[in-house]
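What follows is a set of notes on a single structure, which appears directly below.
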Number of protein chains: 2
Amino acid sequence: MDLRSTILGLLSWQPFSGYDLKRIISQSDIFYWSGNNNQIYKSLIELQKSGLVNYEVQVQEGLPAKKVYSITEKGRQELRRSLLSTPELPDLRKGFLIQLAWADPLTDAEVLELLEQYEADIANLLQMHQAQARKPEERPERSPRERYLWERIMANITSTYQSELEWVRQTKQEIAGGSYRQKE
Amino acid sequence: MDLRSTILGLLSWQPFSGYDLKRIISQSDIFYWSGNNNQIYKSLIELQKSGLVNYEVQVQEGLPAKKVYSITEKGRQELRRSLLSTPELPDLRKGFLIQLAWADPLTDAEVLELLEQYEADIANLLQMHQAQARKPEERPERSPRERYLWERIMANITSTYQSELEWVRQTKQEIAGGSYRQKE
DNA sequence: TTGGCCATGTAATATGTTACATGATTCC
DNA sequence: GGAATCATGTAACATATTACATGGCCAA
């Protein structure tokens with residue numbers, strides 16, 4: 001998924017300003033782009049030039065004016081096409097595994113400290129994700145199926161973090177216990 | 001982890017040519033850069049200029065000459081520093097979840113087909129990974145702990161794919177059975 | 001004779017990230 | 001007075017991906 005299709009998806013739910021989109025994307029685990037992603041503004045201009053979205057300026061008192069973007073019929077067609085295209089494979093970038101891969105020169109204590117930090121970080125991510133999952137107002141629910149799909153999406157992320165946690169805990173124990181030494 | 005540290009890691013195992021590194025990285029699940037990643041050559045030149053690696057030209061008969069790179073003492077220090085830096089958080093980019101997120105306009109049959117394709121693709125990835133995991137000659141084993149760590153790295157990826165498979169199978173069943181309709 | 005493997009590299013393009021600029025308002 | 005929020009955008013930089021160029025060897 002590229003940013004443009006993701007924006008189209010969000011706008012297929014409801015109209016948003018660039019600022020809204022930026023906030024939603026930066027707070028989300030699903031939409032994996034970094035925070036302060038100002039490319040959003042560029043993408044919106046491109047989408048608008050291609051006629052996939054249009055916007056309306058809303059003047060507010062006391063606050064800066066904003067451009068509220070909506071998806072067009074053409075945009076919906078384009079989105080549909082990208083939804084039906086072959087499913088994307090997950091792209092798992094676990095930098096920590098690369099760190100471990102070359103950890104041979106480190107002492108057991110150093111490796112354990114890394115694992116402990118990693119465990120704490122993942123536990124934290126999981127907590128934040130679950131707090132997010134408890135706010136149903138931040139996701140679409142236009143049909144029972146959509147509601148179900150979003151539950152499954154949240155469950156997917158939860159289970160990914162949980163299996164990561166189990167993995168790191170087991171690894172920690174086995175290193176702390178030195179049990180790898182007997183393993184042949 | 002960036003490409004440069006990953007290359008340093010590989011060279012801390014044994015000397016390789018750029019072509020070797022490219023092949024290893026493209027075939028690996030751990031080192032997540034894309035295939036035909038020719039930036040490797042640029043990175044090697046940078047690393048060499050910084051004195052972290054050096055190379056030796058090996059002339060071969062019938063085959064083009066190659067530059068075999070080795071890590072320097074300075075390179076090992078730099079690698080050690082990056083290994084001890086705070087663990088990187090996983091970066092999970094599951095484009096398929098974004099596809100599902102906006103699948104409301106699709107029919108149940110269309111969603112099911114996507115899920116089936118995804119299941120087949122993940123099953124395939126898992127198989128390829130396990131075939132890879134069965135080749136112990138393609139990973140370092142300089143100490144019992146290193147051997148253990150690489151087993152755990154492989155196990156991490158396996159379990160990630162397996163939990164993804166379980167997830168998609170459950171989702172498929174619940175959609176096929178229409179059970180989401182009763183869920184409140 | 002076509003395609004794949006070996007081997008290194010350049011160039012172009014696409015994408016992602018960070019920093020900067022502006023300016024009013026509100027909360028501490 | 002300083003920081004955070006709202007709001008849009010540009011510029012610079014970093015990284016990633018794809019295509020292209022070269023050229024000999026080997027196997028189907």
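Chain identifiers are assigned alphabetically (A, B, ...) following the order of the sequence lines, protein sequences preceding nucleic acid strands; residue numbering begins at 1 within each chain.
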Close side-chain approach of B:L149 to A:I175, heavy-atom, < 4.5 Å: yes
Sort me out a list of protein N/O and nucleotides 12-15 of chain C N/O pairs below 3.5 Å, or just none if empty.
unit_1	atom_1	unit_2	atom_2	d
C:dT15	OP2	A:R4	NH2	3.4

Rounded distance (Å) that lies between atom P of C:dA21 and atom OH of A:Y41: 18 Å
A:E113: salt bridge (Lys or Arg N to Asp or Glu O under 4.0 Å) partners, not counting sequence neighbours: none
With A:Q39 via side chain to side chain contact (heavy atoms under 4.5 Å, CB included) - residues at least two apart: A:L3, A:N37
Gap between atoms CG and P, on B:L47 and D:dT15 respectively (whole Å): 12 Å
With sequence neighbours excluded, residues passing side chain to side chain donor-acceptor pair (under 3.5 Å) with B:N124: none
For DNA chain C, the residues among residues 65-72 of chain B that have a non-hydrogen atom under 4.0 Å from it: B:A65, B:K66, B:K67
Separation of atom CG in B:L44 from atom C1' in C:dT10, rounded to whole Å: 15 Å
Residue pairs involving residues 46-77 of chain A (criterion ring pair (Phe, Tyr, Trp, His ring centres under 6.0 Å); sequence neighbours excluded): A:Y55-A:Y69
Residues which pass side chain to side chain donor-acceptor pair (under 3.5 Å) with A:R139, listed by chain and number, not counting sequence neighbours: none
Inter-residue atom distance A:E146.CD - A:I153.CD1, 0.5 Å rounding: 8.5 Å
Degree of bending, the helix from C:dT1-D:dA28 to C:dC28-D:dG1 (end axes from five pairs; round to 10°): 30°
Under 3.5 Å donor-acceptor pairs involving side-chain atoms of residues 18-31 of chain B, not counting sequence neighbours:
unit_1	atom_1	unit_2	atom_2	d
B:D20	OD1	B:R23	NH2	3.1
B:D20	OD2	B:S17	N	3.0
B:D20	OD2	B:S17	OG	3.1
B:K22	NZ	B:N38	OD1	3.1
B:S26	OG	B:K22	O	3.2
B:S26	OG	B:R23	O	3.1
B:S28	OG	B:I30	N	2.9
B:S28	OG	B:F31	N	2.9
B:D29	OD2	B:H129	ND1	2.9

Contacts of type side chain to side chain donor-acceptor pair (under 3.5 Å), residue B:E119, not counting sequence neighbours: B:R169, B:K172
Base versus backbone protein contacts along nucleotides 20-28 of chain D [heavy-atom cut-off under 4.0 Å; B, S, -]: ---B-S---
Contacts of type side chain to side chain donor-acceptor pair (under 3.5 Å), residue B:S5, not counting sequence neighbours: B:D2
Residue whose nearest DNA chain C nucleotide is more 5′ - A:N37 or B:Y19: B:Y19
Interatomic distance, A:I45 CD1 vs D:dT10 C1' [rounded to whole Å]: 10 Å
A:R93 CZ to D:dT15 C1', straight-line distance once rounded to whole Å: 10 Å
Between C1' of C:dT17 and OH of A:Y32, the distance in whole Å: 16 Å
